[in-house]
Every structure is written in structure tokens, then in C-alpha cells.
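Start at 1 with the first residue, then count along the sequence. Values below: every heavy atom of this structure, side chains too, minus hydrogens, waters and symmetry copies.
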Amino acid sequence: MSTPDEIRADIERTRGELGSDVDALADKVSPSSIAHRQTEKVKSRFQGVRDSVMGAADSARSSASGTTSGATDQAKDVAQRGVEKAKGNPLAVGLIAFGAGWLVSSLIPTSTKEEELAGELKDKAAPLVEEVKEQAKDVGSKLGDAAKEHAQDLKGTAQDAAQTVKDEAQGAASDVQDHAKGVADDVRSS
């Protein structure tokens, strides 16, 4: 049989464990902890994607840094390894394709014909831009007017509701007074 001191010590130990369990549970369900855990999950996923993409780039870099003899073979080998690493990772393939396209487009100078067409397009689009700006202003003013109307309607409805509550409260107070007077008269006559 346990002594009272042992029982008290056991109760204190159980309280301590229960307190730490409650604290851990509170921490687990707090919105900030949940948000932190979700953020860490997303970060780790992006880190994995980045590592797979950067791993392909590091592998390509280390393979390409060999001697210049057999450069064509090395380039084919590097390209093959890059393709193998990017398989199953559409994001990496998309990023590589986007980067390659951007690089190629920056290396090709614009032709005079392209510059002429871009200038014509800009000139033709200028009136459309102005028209869109005007329409946006009109829509904005119409929305502002509608918002003002709704605000006035809401204010009127709120005032009506407040007056109704006030009237009902006065009626209820009057009923309570009448009832109290009736009860007081009954008590006096008894």
C-alpha cells in the first residue's frame, strides 16, 4: 500500500505530464504553428525541386569541365545526363526550356521589320489604351455611385431597425410596469 507522500508525488508527476501534454497539444493546434508547419512543408518541396534542378546543373558543369578533347562526346553525355535527371520533373524541364528560349531570343538581334511592326502596333494600340482608360473611369464612377446608394439604403434600414427596437423596448417596459403595478395592487389587497 502506498503512503500519502508517495500518492502526492505520483499526483504531482501526473499533473506535470498532463500539463506538458496539454501544452504540446495547444502548440500543435495553434494557427501560427499550423502555418509554420505548412510553410516548412512547402519550403522543403521547393528545396527538393531546386536540388534536383541544381544537381542536374552541377553534374553538367562538372562533366563539361574536362579536357577539350572529345568535347562533342562530353556535350552529348552531359545533355543525356541532364535529360535523365529532368525526367519525371516537368517543372525542371519547363524552367530549362524557358531559360534556353530566353537565351536564344536575347542573342538574336531585332530586325528593322520587327521594329517597324512594333512601332505600328504601338501607334494603333494607343487609342485603344485611352478608350480602355476612359471606360475604366466610367465603370469606377458608376460603382462609386452604386456604393453610395447602397450605403444610404443601409443607413436608412439601420435607422428604421433602431427605431423599431426602441419602440418595442418602450412597449415592453410599459407592459412590465403595468404588470408590476397589477402585482403590487394584488399584494396590497391581500
Side-chain angles (χ1 to χ4, degrees), residues 1-65 78-102 136 139-140 143-188 190:
M1 185 163 205
S2 299
T3 65
D5 291 333
E6 290 174 342
I7 293 173
R8 282 187 195 104
D10 189 40
I11 289 172
E12 288 302 316
R13 183 183 45 77
T14 304
R15 277 187 188 157
E17 289 173 359
L18 184 60
S20 65
D21 289 347
V22 168
D23 290 342
L25 182 61
D27 183 53
K28 188 168 188 124
V29 298
S30 75
S32 62
S33 294
I34 293 169
H36 179 73
R37 283 193 304 272
Q38 292 299 328
T39 302
E40 290 302 316
K41 274 186 198 176
V42 170
K43 282 182 183 178
S44 68
R45 285 186 183 151
F46 277 116
Q47 182 68 30
V49 169
R50 192 188 94 182
D51 288 345
S52 67
V53 170
M54 295 307 288
D58 289 342
S59 174
R61 225 180 282 123
S62 67
S63 295
S65 66
V78 168
Q80 183 63 30
R81 276 193 248 152
V83 167
E84 287 174 13
K85 283 202 174 205
K87 279 185 183 174
N89 193 347
L91 182 61
V93 173
L95 287 172
I96 291 168
F98 178 75
W102 192 8
V139 168
L143 287 176
D145 294 341
K148 287 178 186 175
E149 278 183 38
H150 288 302
Q152 289 297 330
D153 291 344
L154 182 61
K155 181 179 176 183
T157 303
Q159 287 174 345
D160 292 345
Q163 186 62 40
T164 301
V165 168
K166 181 180 175 184
D167 293 344
E168 288 181 6
Q170 287 175 347
S174 175
D175 290 345
V176 168
Q177 280 181 336
D178 292 343
H179 184 65
K181 283 181 185 177
V183 169
D185 290 342
D186 288 344
V187 169
R188 283 187 204 137
S190 302

Would you compute the distance between atom [atom1] of [X] and atom [atom2] of [Y] and round it to the nearest 0.5 angstrom?
X      : Y      : atom1 : atom2 : result
Arg15  : Asp10  : CZ    : CG    : 11.0 Å
Thr14  : Glu12  : OG1   : CD    : 9.0 Å
Ile11  : Leu18  : CD1   : CG    : 12.5 Å
Lys155 : Asp160 : NZ    : CG    : 12.0 Å

Q | Worked verdict on Lys181 versus Asp178 for salt bridge (charged side-chain N to carboxylate O under 4.0 Å, His left out) | A | CA-CA 5 Å; Lys181 283 181 185 177; Asp178 292 343; 5.2 Å; no

Q) Any sub-3.5 Å donor-acceptor pair from Ser174's side-chain atoms to Gln170's backbone N or O? A) no

Q: Evaluate salt bridge (charged side-chain N to carboxylate O under 4.0 Å, His left out) for Glu17 paired with Arg13, printing each intermediate quantity in order.
A: CA-CA 6 Å; Glu17 289 173 359; Arg13 183 183 45 77; 3.3 Å; yes

